[in-house]
Amino acid sequence: MEQRSLLQRLHIDLPLLIGLLVLCGIGTVILYSAGGHDISVIYSQIIRLCMAFLMMLLIAQLPPAQLERWSLSIYLIGILLLLLVLFAGTIGKGAQRWLEIGGFSFQPSEIMKLAVPMVIAWYFSERPLPPSIVRIIIACFLITLPVLLIRQQPDLGTAFLVAVAGFSVLFIAGIRWRLIGGIVSFAALSTPVIWYFMHDYQKRRILTFLNPEQDPLGSGYHIIQSKIAIGSGGIYGKGWLNGTQSRLDFLPERSTDFIFSVFSEEFGFMGFLLLICVYLFIIARCLYIALHAQHTYGRLLGSGLALTFFVYIFVNVGMVTGQLPVVGVPLPLVSRGGTSMVTLMIGFGILMAIHTHRRLLSG
Amino acid sequence: MGRPHSVKDQKYESRLIGNRIFIAGVCILLLTVMLIGRMFYLQIIQHDHFTTLSRDNQVQIRPLPPIRGLIFSSDNVLLADNRPSFSLEIIPENISGDVEQVITRLQEFIRIDEQDIRRYKELAKKKRRFERTPIRLNLTDEEVATFSVNRHLFNGVDVVAGLSRYYPIGPNLAHVVGYVGRIDKDELANLDPSEYSGTTYIGKIGAEKAYEEVLHGKVGYEQVEVNSQGRVIRQLDTTPPESGKNVYLTLNVSLQNLAAVDLSGKRGAIVAVDPRNGSVLAMVSSPGYDPNIFVNGIDPAAYKKLMTSNDRPLLNRALQGTYPPGSTIKPFMGFAALNYNVRQLQDDTWCPGWFRIAGSKRPYRDWKKGGHGHINLTGAIANSCDVYFYSLALDMGINRLYTAMQEFGFGRITGIDINGEASGLLPSPEWKKRTRNQPWYTGETVNVGIGQGYLLVTPMQLAAATAALANRGVRVKPHLLAEVRDPVTAESTQFPAALNQSSITARDPAYWDVIINAMVEVVHGAHGTARSSGNGAKYRFGGKTGTAQVISLPQDMSVKKDIPEELRDHALFIAFAPADTPTIAVSVIVENGEHGNTTAAPIARHLFDHWLNVSE
């Protein structure tokens, strides 16, 4: 038996840990600026980070096989909780998202961000790949059910990310290109035709369905201010704590959804390149782990989580740069906020588990 | 049941998944390049554009209104002041509870009426929640004290000090100094909006309007950093405003007040000018009004009262009132008679008490029933003989009469430096043809000869013409501005006499002496019509009485009792003093005052006594 290092015994993947620490460091620095130079915001963020890292560490101890066995149960519990939210949830910010249990409030929709890829990975890994049409249809149902429940709250951003997580696994599982191409081209072709035959009030309804939380005038203003913040940052930015758009309240939601605008205003294009490099490094490491996983379940789940992580970034940046509609998607591990951060870190815990337990087995 | 696990082809599956992960990686890279491209476009290509927008967001330029210049009289009395005024202002953001409730509670301490509340609501609509909006203007000292004691009960309500225009002399000077008021829409359209961007008030009439540009000053600016709600975060740069310049008027307040007192309770006007340079020493229109009520928006009821009053206090009679000059026209006619060679000094006219145009039956009566007998020019002026001037006007003809009177400035505005002057009316056949499409009748010339008929003059014209007589033909343009002085540097610009008007040339300068002597006879002669006003004067002065008919009574009806007050004759008097070196020329008009010698002349004497005493 070779001597196992402390990191191995703790089931920690060092490159991933370093990447995450760097990212959270950057996040904390910019949060100080975005949060109105309020040190208490930083303290609470650091406490949340510690809790999130602790959760990651705990999850990393579980062997992937264990997770695989629990996948369906977690998924079903998640569905149950979502139904509970709809009937007994706490209403906050005009949406019903929270469940109060013993003084703690949490969002069951967050569970689904992990439960959906887990259940799809579990469902596909027990049969040979690529999956049959019937299994794909069943998988689609497994994805769509929680997505619709979350949409109902309404929480379009989370619903979208849950769908992305599920379909990422579906894509990695190797559904045929013909099928992908067929679905995409059918959707692309039919959309304008359907749109053309709709009444104005129906079009408006569709638009509000797609974007229920923001009124067009309001979000339009936010996007304009966000673009001004980013554009005025230039190559090197206005400097830390010197972003006028954020300091003078022109940016909305600047410590959550629009924190990227604050970052780009203060650190400029160079800062952006650095940030994107850190993100790419983390994603690359995740894909590497997925590629080298020992079981199909680990490969599917690991790469699904990595893809979802990227979609987070892409949608958030696309949104604040005015290329995608405003949906409430935070910038992962940089935006302030507890629940989504814990979910993400559990995801990275799973990835570490996939990687470190594999070594144990092979060793 | 599907196929058992053992059938799974592990190698095929791992290759399939590996392929997909590779494809996913490529997709991620492509999408990342897209993001980088987008960021490059925003941060590098569009950088300048967004920098401008960001600065526009962040920096606001706010006007700093200048302090309005003060207005003084030539005897250094403050006529228009900027007084600290206290207003009660509310910051809606800072009050606890409902605005309505706060106002109701405030009413326990301070008078706030419906109008105040209405104005507050209108102003508050246009402002942000953290901006001050006045609920009451012009608090009294007592109200300020009462509120200060109870201030702790009212969060977000404050007494704010500002400057408000105040006219210490009030009604006596209202027509000359005028007043400022809030800028209205029409004025806004004609203003330089940047110069007035922080200014609330603008001169509405009188000197306040005429010298608006000088008084207003130059607006300053401050650059401030604001947040998205427009709240000022800090000041970046300031260009201080330049205060308006102080304006000194030619008016003498002691003379003005005296004139106002003499006219108090009457309707009428007094104009006094210095014949040497045209300085307006006094200009009173009675009744006056309090200009202070206009400054912060006059109450509609008060305004209606002023507008509908039979005394018409808003009318500036000195400039806008037009009256038949009556007999005060006679000295000017007399000069024309000599200068146009229509009469010689020694020419006698037989006055039987009436006059008749050859071939007409209609008699023109003299004011003296029995007539003046044989009378020459001096006598005709001193005794105000009507027949002499009926006959003179007839011989002179309307065209020469018109030209002669025009030389004295009748029928045209004097060009005084405040707005709204009326031109009066100097009739001519051409004018009658044009406006009424009627021929001129000889009888009308006869009437104009004694200052009746169509002839209308303003008190200002009459005073200016009197000054020209006193000056022996040298005409001066009446003006109010004496000096403009910078309040900071004390740099001063004096405005000298405006002698730019054409002077009247006499064929023989002695003609002036004839007229001036005749006018001295009016007040100092044994039979002069105003001899009672000349009694006991330590100086000699010249004058001429006048009585102007308001309604035309039948020529044979001489009993004028029982006529309603407002239909009685206007009393007029023109005069200058001292007779040989005149320093003051006045015109006095008392509406419905009946007789120039008893009502108007004593006022002139009173003013002269004061003025000549003062200037010694």
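The sequence lines fix the lettering, A, B, ..., with proteins before strands; numbering per chain opens at 1.
- Chain B forms the most heavy-atom pairs under 4.5 Å with one residue out of A:A290, A:G268, A:S168, A:G237, and that residue is A:G268.
- Contact check for A:Y236 versus B:Q43: no side-chain heavy atoms found under the 4.5 Å cut-off.
- Every residue two or more places apart in sequence or in another chain that forms a side-chain contact (heavy atoms from CB on, under 4.5 Å) with B:T51 is listed here: A:S232, B:H47, B:R55.
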What verdict does the side chain to side chain contact (heavy atoms under 4.5 Å, CB included) test give for A:I230 and B:F50, after you've listed the backbone C-alpha separation in whole Å, the side-chain angles of each residue and the deciding distance to 0.1 Å? CA-CA 8 Å; A:I230 296 168; B:F50 285 119; over 6 Å; no

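- In this structure, the portion of A:F260 lying under 4.5 Å from any heavy atom of chain B is its side chain and not its backbone.
- Residue contact with chain B, scored on non-hydrogen atoms closer than 4.5 Å, involves the backbone and the side chain of A:F171 alike.
- Separating the NZ atom in A:K227 from the OG atom in B:S54 is a distance of 15.0 Å, to the nearest 0.5 Å.
- With rounding to the nearest 0.5 Å, the separation of OG1 in A:T321 from CE in B:M34 is 9.0 Å.
- Between B:E13 and A:H295, every side-chain heavy-atom pair lies at or beyond the 4.5 Å cut-off.
- The local environment of CZ in B:R182 is crowded, with over 12 non-hydrogen atoms from other residues, nucleotides or ligands closer than 6.0 Å.
- More than 12 heavy atoms of other shown residues, nucleotides or ligands fall within 6.0 angstrom of atom CD1 in B:I95.
- Interface residues of residues 300-308 of chain A toward chain B, defined by a heavy-atom distance below 4.5 Å and sorted by number: A:L300, A:S303, A:L307.
- For chain B, the nearby part of A:I276 is the side chain; its heavy atoms alone come within less than 4.5 Å.
- Contacts with chain A (heavy atom to heavy atom, under 4.5 Å) involve these residues of residues 14-21 of chain B, listed by number: B:S14, B:L16, B:I17, B:G18, B:R20, B:I21.
- Here the closest heavy-atom approach between residue B:F40 and residue A:F269 is recorded as N-CE1, 3.5 Å.
- Separation of atoms CG (B:N57) and CG (A:L248) is listed at 8.5 Å; rounding is to 0.5 Å.
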A:I224 and B:L53: side chain to side chain contact (heavy atoms under 4.5 Å, CB included), yes or no, with the steps? CA-CA 10 Å; A:I224 290 162; B:L53 290 181; 5.7 Å; no

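- Note that the CG atom of A:L287 and the CZ atom of B:F22 stand 11.5 Å from one another [nearest 0.5 Å].
- For a heavy-atom cut-off of 4.5 Å, chain A lies close to no residue in residues 98-107 of chain B.
- Contacts between A:A284 and chain B at a heavy-atom distance below 4.5 Å are absent for every atom of the residue.
- Put simply, the side chain of A:F272 reaches to within 4.5 Å of the side chain of B:I36, judged on heavy atoms.
- Two residues are said to be in side-chain contact when any heavy atoms from C-beta on lie closer than 4.5 Å; A:F314 and B:T32 fail this criterion.
- In this structure, chain A has heavy atoms under 4.5 Å from both the backbone and the side chain of B:I28.
- For A:I283, the part lying under 4.5 angstrom from a heavy atom of chain B is the side chain only.
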